[in-house]
Amino acid sequence: MPYRLFVEPFQLPFMARALAEALLLGVLGGVVSVTVVLRRLAFVSDALTHTVFPGVVIGYLVAGTGGIVWGALGFALLSAVLLTVLPSNRRVTEDAALAILLTGFFSVGVVLVSRRSSYTADLTAFLFGRILTVDRREIVETAVVTAVVLAVLAVVGKELLLRAFDPGAAAALGYRVRLLDLVANVVVALVVVAAVKAVGTVLVIALLIVPAAAARLLTGRLAVLVAVSVLVGTLGGYLGLAASYQASVYYGLRLASGATVVLALVALYVVAFVVGALRRAGGRRRADRREADLVAEAA
Amino acid sequence: MSVFSDAYARRALVEVLLVGALCGVVGVHVVLRRLSFFTMSMTHATFPGIVLAALLGLNLYLGAGVFGALLVLAIAWLWSRPGTDESSVVGVVLSAGFALGVVLLSAQSGFTKNLSAYLVGSVLAVQVGDLAVTAGVGVAVLLLLAALGKELVLGAFDRSGLRTLGYPARLLDVLLLLAIEATVVSAVPAVGVILSVALIVAPAATARLWTDRLATMTVLAVGLGALSGLAGLVISQLVGVSAGAAIVLVACGLFAVSWLGAPRYGVLSRFRHRAAIA
């Protein structure tokens, strides 16, 4: 039974490629989501996943499937810069500006897609991805992006962390806070670019938030946080693919693979939430007992 | 106008005018309270409700409204737990809702066509019943805001003042959130779940660039919302692009123009001001 559940699906070449892609994205998402959660960039990440969409469409219209990555990359960098300089008007609060930028860019993408005859099929492919059709070149592209992002984080990770917890100190130490913000936004944007073919623009947001949010419920130590987050990211990809394969092959139930991966991630978040709550309750009970013992001793 | 010679086009016209005006009114409160991310999560959280209602053959609005309200309560509960951070909770709920909706839909045949209608709207397909729902929601929301507008504005600017005066602040919050949720649901046929947030936030944020007075801001937001609906619909008919996206682009375009050129708070006027000082 476990063989049929967990090993057999991935002996098919296309499932093996999907798994490789999902595991790479799990590592990438696991690491970057730590930055997102600690810096509270959830809304910014959500905005980036939507603003990359017109780039995906334009890249596809100009150069076919090979152009998607370059179009996405162009718009990712453009919107990372825009999101860094945007909150400068006192009359427009940051959240309103983000919402307008996000929907405006997204609409450009929808308008461009809606001109095509295969409108609805194209739209869903761009939005939700097609992880089962990734080929060798796309896996290499994802691996390259992962390597670049990990290298960037290895170099400036400490500074980003300082900026997250104490922006005043970072500025006082002579770091350029605006520049660090730009680096963080670009890193998030790169994850969106890497994941866009596999899980689509809308579901990347799960990869960017859920792993670290789940890990955060279990630990406060940074090294452990990163490790647990990567584990959640990769495990979610693996379980999601296995589940969607099982459902469609043995139960005749078609489940979109990208969305199933996201649901697996969310399920792991729920597990982490319950475990965290139980541990806190256990800790409280132990503390109560210790107190009761002390009171009894004193009496 | 020849664009509106058909019955379906006239229904679409009425729908976008109603939705634009309604979103404008509610948007004023969303912008004043900085509820944009929350509204965003509401629009995404509503999605699986719509799919479920369609699968079970229930009323679309009922399914969307109930499901959205449930997830909003879930968010509120998670916020009150220790060790959770507000924006990541919203992010988790948002992606969970969206993925659930997609998985549910993918189990059906005719997947892609329905999906895009929910996501970006299909205003030309609205029926008389949809118009009635939008009008009904509009009247209810307007009555609510007329009755409680003063208290809600006080809450936006001075929460502790509101509580000191003995008003039930929590209850007022929940009422406002429900009004936003109802507006989102009624805007789905016209602009879809992803884009409805634009029609709520953009007109009000634009109005705020032009005036300091709340009454003027509200009137302006209503006008801008209805104008975006009208202009977007006409453009989409003439050029042959998605109506929901065209409406949103007009709303965002109006914002961009005002952000640059508004007389006192626009970027250009501030530059000129700075140059005059120097």
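In what follows, every chain begins at residue 1, and chains take the letters A, B, ... in the order their sequences are listed.
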Picking from [options], which has the most non-hydrogen pairs under 4.5 angstrom with chain A?
options                      : result
B:Gly27, B:Ala256, B:Ala245  : B:Ala245
B:Ala202, B:Ala205, B:Ala243 : B:Ala202
B:Val30, B:Leu100, B:Val31   : B:Leu100

Interface moiety of [X] toward chain B, non-hydrogen atoms closer than 4.5 Å:
X        : value
A:Ala99  : side chain
A:Leu101 : neither
A:Ile100 : both
A:Val108 : both

side-chain contact (heavy atoms from CB on, under 4.5 Å) assessment of B:Ser95 paired with A:Val210: CA-CA 9 Å; B:Ser95 41; A:Val210 180; 4.0 Å; yes
Which bit of B:Ile200 is near chain A, if near means a heavy-atom gap under 4.5 Å: side chain, backbone, both or neither? neither
Okay, B:Val93 and chain A: the region with an atom under 4.5 Å from a heavy atom over there is neither
Provide the full list of side-chain hydrogen bond (donor to acceptor under 3.5 Å, both in side chains) pairs with a residue in residues 29-38 of chain B, sequence neighbours left out, each pair given once. A:Asp95-B:Ser36, B:Arg33-B:Asp173
From the list A:Asp46, A:Leu112, A:Val36, A:Leu98, the residue making the most non-hydrogen contacts under 4.5 Å with chain B is A:Asp46
Ring pair (Phe, Tyr, Trp, His ring centres under 6.0 Å) partners for B:Phe67, two or more places apart: none
Please find the pair of heavy atoms, one from [X] and one from [Y], that lie closest to each other, and give the distance.
X        : Y        : value
A:Leu263 : B:Ala96  : CD2-O, 4.0 Å
A:Val111 : B:Ala246 : CG2-N, 4.2 Å
A:Gly104 : B:Leu249 : O-CD2, 3.5 Å

Within-4.5 Å side-chain heavy-atom neighbours: A:Tyr269 and B:Val89: yes
